[in-house]
Amino acid sequence: MVPRVRFAPSPTGYLHVGGARTALFNWLYARRHGGAFILRIEDTDVERSSAEMIDGILDGLRWLGLDWDEGPEVGGPHGPYFQSERLDRYRQAVGRLVAEGRAYYCYCTPERLRREREFAEQRGEAWQYDRTCLTLSPERIAELEGGGARRAVRFKVPLAQTAFDDQVHGRIEFDASHVEDFVVLRSDLHPTYHLSVVVDDVDMGITHVIRGDDHISNTPKHLLLFEAFGAEPPVFAHVPLILGADKKRLSKRHGATSVTEYRQQGYLPGAMVNFLALLGWSPGDDSELMPVGELVVRFSLDGISGGNAVFDTTKLDWMNGQYIATLPVEALTAAVDPLLAAADLAPTAEMIAPDTSTGGPWLHRLLNLLRPRAKRLTDFVELARPFLVETVEYEAEAVVKHLSSPDIGDHVATLAAALGTLEPFDEAQVEAMVRATASARGIKAGALIHATRVAVTGRTTSPGIFEVLVLLGKTRSVARLERLVGFLGRRT
RNA sequence: GUCCCCAUCGUCCAGAGGCCUAGGACGCGGCCCUUUCAAGGCUGAAACCCGGGUUCGAAUCCCGGUGGGGACGCCA
């Protein structure tokens, strides 16, 4: 049997990291077993759904690389994949339930039900629908209908014991007496969630339902509906929830919760996928860094753990750094380029021109130098700034820390002169010259190096200074050293 | 309140009766490398929620407690 799984988001918000992980698990399962990953939009709540949210969710999935086999934009044999376009189907299914006596019309007003619930809550009790409308006399019904009363449809929950073998929790049993006669069709003729999921899962031939833990208590309702429709229920796997640092359900107040935000913050989709996969799942050994292809091969439902997981971005940062470290330089350049442009640091044509003598475009060499120092793509902007501006700004701290010695200007001037005639201008030669100059002037190499760093980057920190000098090239390096000499001269 | 799920280092996971003196990763401390910052290497501190069972033997099985989470809508 070819597995068919689905991700069924409700477009009432952006793609949440919890939703993204649910989608990922479904996708991994489908790809692992050569099955189909179906995307279905649960937009039956017209009040809260919007086209903008749908686009956001689709974008988020695409960014993560979770492609769907059936669903919006790609279509498929079981469409439509928007629940808002399947209303007739739901009404038909409900009609069948009513005809078979498995469901009944309910004329109770939402106000009355709400009051009942509030009373019960005040008494510290749970309240279940009292089945008022199950036993209405034909006369009373005629009266209500004649009066134009709005009616919803409720499922008549049978006296039963429901049970299922959850793939992550094992056997879970529920007594249906704890389930009230829930509404399946609202008075505005829109189906409720419970009805539409089951109808669609049956229609779309879903074999495995992988969803959040919060749906465990809904499962009995769904099981009852599958039974009422005479359909075989799918296999269920309820994955634990993602919590914030305070162990509360992850929400806005914990910081970024949508994948779009993480994208904007400079995270790589591969890192995000790897990180999310490890939240609540493990391959069974100590593997951590697994590209998506490996995740696909190793994914299994029984590797999903039962407890909730705290979303800790510290580890995500580390993982992102690992992915940045190994990203092909072309891809890295493409990812960083728009960020540089946005910061008014757009690389020039010469910077990206192929350079056979040095093994690659100048920009590639720069990014490779910066790479181990970046945790997020956005870090590259500040890291690269000194290399992409014409004149660097000297940070006050750097000036105080490394340019206080009275003779430092002379030392730098000497170095500038020496480097100006250096040939070839490569790392070994530059290093030898810097050290020789320091030695000849009777100062520590470190002192000269620090001053040089301030001259060429304006900062106290940078990649290795010899690499930096070579990358900048002789002309620019010397010019920057000389400019510092001028700066110091003016200062004193 | 009722029902359900869960419970190993601060965090994410490994562990499915003896392999556990409880392993890995992030983070944190130290050391090394070193011109700075990173990266990298080595290393240290850090946990089986509590109480009863079962068993020759329990982190692993059972029961209870406690704690955390979830669900109880004409939301999904």
Side-chain angles (χ1 to χ4, degrees), chain A residues 8-13 42-45 47-49 106 108-110 113-114 117 120-121 123-129 150-154 166 168-169 172-175 177-180 182-188 190-194 196-197 212-220 238 240-241 243 245 247-249 275 278-289 302-303 305-312 314-319 321-322 325 370-375 383 398 401-402 431 434-435 438 444-450 452-453 457 459-466:
Chain A
S10 173
T12 54
E42 311 222 325
D43 55 350
T44 54
D45 184 350
E47 308 278 304
R48 302 196 299 150
S49 300
C106 174
C108 296
T109 63
L113 298 174
R114 184 175 48 76
R117 266 186 209 95
E121 199 172 324
R123 293 193 304 266
E125 292 169 11
W127 188 79
Q128 280 190 10
Y129 179 64
R150 293 168 65 80
R151 64 183 196 190
V153 177
R154 285 182 185 273
D166 190 273
V168 350
H169 296 288
I172 296 178
E173 297 181 2
F174 275 93
D175 193 323
S177 65
H178 295 294
V179 180
E180 69 171 356
F182 55 96
V183 171
V184 286
L185 193 70
R186 300 180 235 188
S187 52
D188 64 0
H190 277 79
T192 59
Y193 163 74
H194 305 298
S196 55
V197 238
D213 244 353
D214 49 342
H215 285 295
I216 289 183
S217 45
N218 287 328
T219 308
H238 288 96
L241 267 21
L243 311 177
K247 307 257 187 183
K248 301 287 183 203
R249 205 173 167 161
F275 179 72
L278 257 20
L279 263 192
W281 173 82
S282 128
D285 59 21
D286 293 330
S287 307
E288 299 258 357
L289 289 170
D302 47 46
S305 56
N308 293 342
V310 172
F311 191 77
D312 175 22
T314 315
K315 188 160 183 174
L316 172 59
D317 282 344
W318 166 78
M319 192 164 275
Q322 296 293 313
L370 267 20
R371 225 196 248 273
R373 293 160 177 85
K375 289 241 174 289
L383 289 170
K401 201 167 171 186
H402 299 303
E431 174 161 8
V434 170
R435 292 190 187 284
K444 285 186 179 172
L448 187 57
I449 286 169
H450 291 309
T452 302
R453 172 169 294 110
T457 70
R459 302 184 179 168
T460 56
T461 64
S462 81
I465 195 64
F466 311 119

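Letters go in sequence order (proteins before strands), and every chain restarts at 1.
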Using a 4.0 Å heavy-atom cut-off, write out nucleotides 67-76 of chain B from 5' to 3' as B (base contacted by protein), S (sugar-phosphate only) or - (no contact).
-> --SSS-SBBB
Using nucleotides 42-47 of chain B, report all nitrogen or oxygen pairs with the protein that are shorter than 3.5 Å.
none

Tabulate atom names and distances for all N/O pairs under 3.5 angstrom spanning the protein and nucleotides 25-27 of chain B.
| from | atom 1 | to | atom 2 | distance (Å) |
| --- | --- | --- | --- | --- |
| B:A25 | O4' | A:Glu288 | OE2 | 3.2 |
| B:A25 | N3 | A:Lys315 | NZ | 3.0 |
| B:C26 | O2' | A:Lys315 | N | 3.4 |

Atom pairs under 3.5 Å, N or O on each side, protein against nucleotides 58-65 of chain B: can you list them with distances?
none

Set out, line by line, the N/O atom pairs under 3.5 Å between protein and nucleotides 34-36 of chain B.
| from | atom 1 | to | atom 2 | distance (Å) |
| --- | --- | --- | --- | --- |
| B:U35 | OP1 | A:Arg435 | NH2 | 2.9 |
| B:U35 | O2' | A:His450 | NE2 | 3.1 |
| B:U35 | O2 | A:Arg453 | NH1 | 3.4 |
| B:U35 | O2 | A:Arg453 | NH2 | 2.5 |
| B:U35 | N3 | A:Ile465 | N | 3.4 |
| B:U36 | O2' | A:Thr460 | O | 3.2 |
| B:U36 | O2 | A:Arg453 | NE | 3.4 |
| B:U36 | O2 | A:Ser462 | N | 2.9 |
| B:U36 | O2 | A:Ser462 | O | 3.0 |
| B:U36 | N3 | A:Arg453 | NH2 | 3.1 |
| B:U36 | N3 | A:Ser462 | O | 2.6 |
| B:U36 | O4 | A:Gly464 | N | 3.2 |

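Shown here, B:U35 forms no base pair; nothing in the strands shown gives a Watson-Crick or G-U wobble contact with both key distances under 3.5 Å. The partner of B:G51 is B:C63, by the rule that a Watson-Crick or G-U pair needs both atom distances under 3.5 Å. Within the shown strands, B:C13 is the pairing partner of B:G23 under the Watson-Crick or G-U definition, both distances less than 3.5 Å. Of the nucleotides present, none pairs with B:C74 by Watson-Crick or G-U wobble criteria with both distances under 3.5 Å.
Using atom C1' as the reference point in both B:U11 and B:C50, the two lie 23 Å apart (nearest Å).
Residue A:Gly284 is in sugar-phosphate contact alone, with no base atom involved, counting any heavy-atom pair closer than 4.0 Å across all strands shown. Within the nucleic acid shown, A:Ser305 comes within 4.0 Å of sugar-phosphate atoms alone, with no base atom in reach, counting heavy atoms only.
Between A:His450 and A:His402, the ring planes lie parallel to each other; the angle is under 30°, not in the 30° to 60° tilted range.
With hydrogens and angles ignored, the 3.5 Å screen pairs no side-chain donor or acceptor of A:Ser196 with any backbone N or O of A:Pro191.
With sequence neighbours excluded, the residues forming a ring-ring contact (aromatic ring centres under 6.0 Å, His included) with A:His215 are A:Tyr193, listed by chain and number.
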